[in-house]
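Excluded from the calculations below are hydrogen atoms, water molecules and symmetry mates; all remaining heavy atoms, backbone and side chain alike, are included. One-based numbering along the sequence shown.
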Amino acid sequence: MTTPQNALLIGCGIAGPAMALFLQQVGIAAEIYEAQPGALDEAGAFLNLAPNGVNILKTLGIDPLQDTDGFHSTGMAFFNGKGKRLAFIDSRNETERFGSQNVMIKRGQLHRVLRDEALRRGIPVHFGKKLTAIQRNGFQGVTARFADGTEANGLFLIGCDGLHSRTRQLTFPNAPQPAYTGMVDCGGFAYCHPADLPASGAMQMTFGKKAFFGSIAKPDGEVYWFSNVAWPNEPQRDELKAISDEVWRLRLLQNHASDPEPIPTILKSTPGEIGRWPVYDMPSLRTWHQGPVCLIGDAAHATSPHSGQGASLALEDAAVLAQCLRDSLKTETAFARFERLRKERVEKIVQQARRTGNGKMVTNPVAVWFRDLMLPFFIRMGAKAAEPVLAYQVNWDEEVA
């Protein structure tokens, strides 16, 4: 039996196509297997792709602004529940400081850009492939089996399948499960006349009386927005989907009834679907790899959205793992080196995101007063601490340490 030389990638979100593209650059063929029956380019809300993530895309020759609605944010302004501005983070000089500027982009569009680039470069993408089993074949590589009865053979397999990774469940059945944070994230896209809601270029973050709200208005009147809502008990499967958009909109209007404009106007001006998702992060795993199987991105170290780093960390992972595979003769040696290079960085970001999320749900009047008093200091310190995160770049031409 001839040992296969290709890689099997499970998941076609952000990490999967990026991983395939980087593997192609080091001479390793890959195929992507996605459980969903087709592309979900309209799914999800939006994300802020940080400078470190944009720099990784540049390494692949991909411009996230091309053929998308993406745009740059000039910063983040923080307000309390009375509408008083407390602090500001200026992002206008990110290119000079970090090599690239952030990009606000709809998640589905980023998925499409990466998938289309993989397809353009001849990388096969297979939909409707729900992973059911992984068989390790010793020196003969690995076999992935799917719910439709098909299977695929590869030299190694990489789980790029996100927070609820099937690859992780099969490889590490005793590993900790994603930890629910007591919060539901929801969001959508509103349409407000520019005269009613001028575009400032900056994300407006409000510590509301009952929920946290963020929004950014574009010059054409489209508004990207999200709300973090306390939800103490972990929602059961499909529980949130069962709530109609109209009922959900009314719930949000009640949560933000005492909050300043433009929050109520934005909620009332959202004509379409309101996405909602329980917020999880991933407890630290003992290891990310076993034999010919390795996890990357959210499958290995999911962070809550409070960090604004989930997509960027997945892109970083893909680049670093490809470098390790390029520079190591043995796959397992490459996987171990990849974990050693990445684990400390990503777990610090996961922990910081957890602390940030906890700070959004403060409601006690004394605690709110103290938060408003100290927030300018905390924001300055947080922005300083974030500099090494945003400045991170992968030198593709260097051998990894």
Side-chain angles (χ1 to χ4, degrees), residues 13-15 18 44-79 87-114 117 185 187 189 199-206 212-220 222-226 228 297-298 303-319 345-346 348-350 352-353 356-357 360 379-394:
I14 293 172
F46 65 96
L47 58 89
N48 181 6
L49 190 62
N52 49 310
V54 178
N55 283 329
I56 299 295
L57 291 182
K58 283 183 177 179
T59 305
L60 290 171
I62 295 175
D63 179 359
L65 295 178
Q66 186 173 346
D67 300 323
T68 74
D69 296 336
F71 60 98
H72 299 303
S73 165
T74 59
M76 286 188 289
F78 295 85
F79 299 84
F88 184 76
I89 297 176
D90 194 337
S91 301
R92 288 172 294 187
N93 62 347
E94 284 183 337
T95 300
E96 291 74 20
R97 297 167 65 199
F98 309 127
S100 291
Q101 189 173 358
N102 71 81
V103 173
M104 305 294 298
I105 188 170
K106 294 176 180 176
R107 179 176 289 276
Q109 292 185 353
L110 181 57
H111 288 192
R112 173 177 55 79
V113 165
L114 286 163
E117 186 63 19
D185 182 32
F189 304 98
S200 69
M203 195 83 184
Q204 313 292 307
M205 304 288 209
T206 301
F212 186 88
F213 194 89
S215 65
I216 184 166
K218 296 169 59 180
D220 64 2
E222 187 176 26
V223 182
Y224 293 14
W225 66 267
F226 71 89
N228 298 147
D298 282 357
T303 176
S304 61
H306 314 301
S307 71
Q309 279 290 322
S312 296
L313 292 179
L315 292 169
E316 290 180 10
D317 279 357
R345 170 177 170 80
V346 300
K348 282 183 178 179
I349 293 171
V350 171
Q352 179 57 50
T356 300
K360 290 181 176 181
I379 291 295
R380 285 196 301 271
M381 294 297 293
K384 187 69 176 177
E387 289 183 0
V389 175
L390 302 179
Y392 181 93
Q393 297 193 38
V394 173

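Residue pairs satisfying the side-chain hydrogen bond (donor to acceptor under 3.5 Å, both in side chains) criterion with at least one member in residues 53-66, sequence neighbours excluded, are listed as follows: N55-S100, K58-S100.
Note: S91 OG to H72 NE2 = 11.0 Å, rounded to the nearest 0.5 Å. For the atom pair CE (M104) and OH (Y224), the distance works out to 8.0 Å, reported to the nearest 0.5 Å. The CG atom of N48 sits 10.5 Å away from the CD1 atom of I105 when rounded to the nearest 0.5 Å. The line from CG of D67 to CZ of R112 is 6.5 Å long, rounded to the nearest 0.5 Å. Note that CZ of F79 is 6.5 Å distant from OG1 of T206, once rounded to the nearest 0.5 Å.
Taking every heavy atom of both residues into account, L390 and A50 meet most closely at CD2-CB, 3.8 Å. Heavy atoms only, all atoms of each residue included: L315 and G53 are closest at CD1-O, 3.7 Å. The nearest pair of heavy atoms linking A319 to I56 is CB-CD1, 4.2 Å. In terms of heavy atoms, A15 sits closest to A318 at O-CB, 4.5 Å. Considering every non-hydrogen atom in both A199 and P219, the closest pair reads CB-N, 3.7 Å. Of all the heavy atoms in P51 and Q101, the pair that sits closest is CG-C, 4.4 Å.
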Enumerate donor-acceptor pairs with a distance under 3.5 Å from any side-chain N or O in residues 379-387 to protein atoms, sequence neighbours excluded.
from: E387; atom 1: OE2; to: R97; atom 2: NH2; distance (Å): 2.7

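Side-chain contact between Q204 and F78 is absent, with no heavy atoms from C-beta onward closer than 4.5 Å. Put simply, the side chain of H111 reaches to within 4.5 Å of the side chain of I14, judged on heavy atoms. Taking the side chain as every heavy atom from C-beta outward, F213 and W225 approach each other to under 4.5 Å. Looking at heavy atoms from C-beta onward, F71 lies in side-chain contact with I216 at the 4.5 angstrom threshold. Counting heavy atoms from C-beta on, the side chains of D298 and L313 never come closer than 4.5 Å. Using a 4.5 Å heavy-atom cutoff, the side chains of D69 and K218 are in contact.
Using modelled atom types, no side-chain atom of E222 and backbone atom of F189 make a donor-acceptor pair closer than 3.5 Å. Judged purely by atom type and a 3.5 angstrom limit, E94 uses its side chain to pair as donor or acceptor with the backbone of N102. Panel note: side chain T74, backbone R92; no donor-acceptor pair is recorded below 3.5 Å. Judged by distance alone, with hydrogens and angles left aside, the side-chain atoms of D185 form no donor-acceptor pair with the main-chain N or O of N228 at under 3.5 Å.
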Give the intermediate values and the outcome of side-chain contact (heavy atoms from CB on, under 4.5 Å) for residues L114 and L57.
CA-CA 9 Å; L114 286 163; L57 291 182; 3.8 Å; yes
Quick one: do M205 and F212 satisfy side-chain contact (heavy atoms from CB on, under 4.5 Å)? Show the steps, please.
CA-CA 8 Å; M205 304 288 209; F212 186 88; 3.7 Å; yes
Determine, stepwise, if the pair K106 / T68 fulfils side-chain contact (heavy atoms from CB on, under 4.5 Å).
CA-CA 8 Å; K106 294 176 180 176; T68 74; over 6 Å; no
Evaluate the criterion side-chain contact (heavy atoms from CB on, under 4.5 Å) for residue pair R345 and V389; output intermediate values, then yes/no.
CA-CA 8 Å; R345 170 177 170 80; V389 175; 3.8 Å; yes
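For S307, the side-chain contact (heavy atoms from CB on, under 4.5 Å) partners two or more places apart in sequence, or in a different chain, are T303, Q309, I349, A353.
For the pair R107 and F46, the cation-pi test (distance below 6.0 Å, angle within 45°) is failed.
No side-chain donor-acceptor contact under 3.5 Å links E316 and S312.
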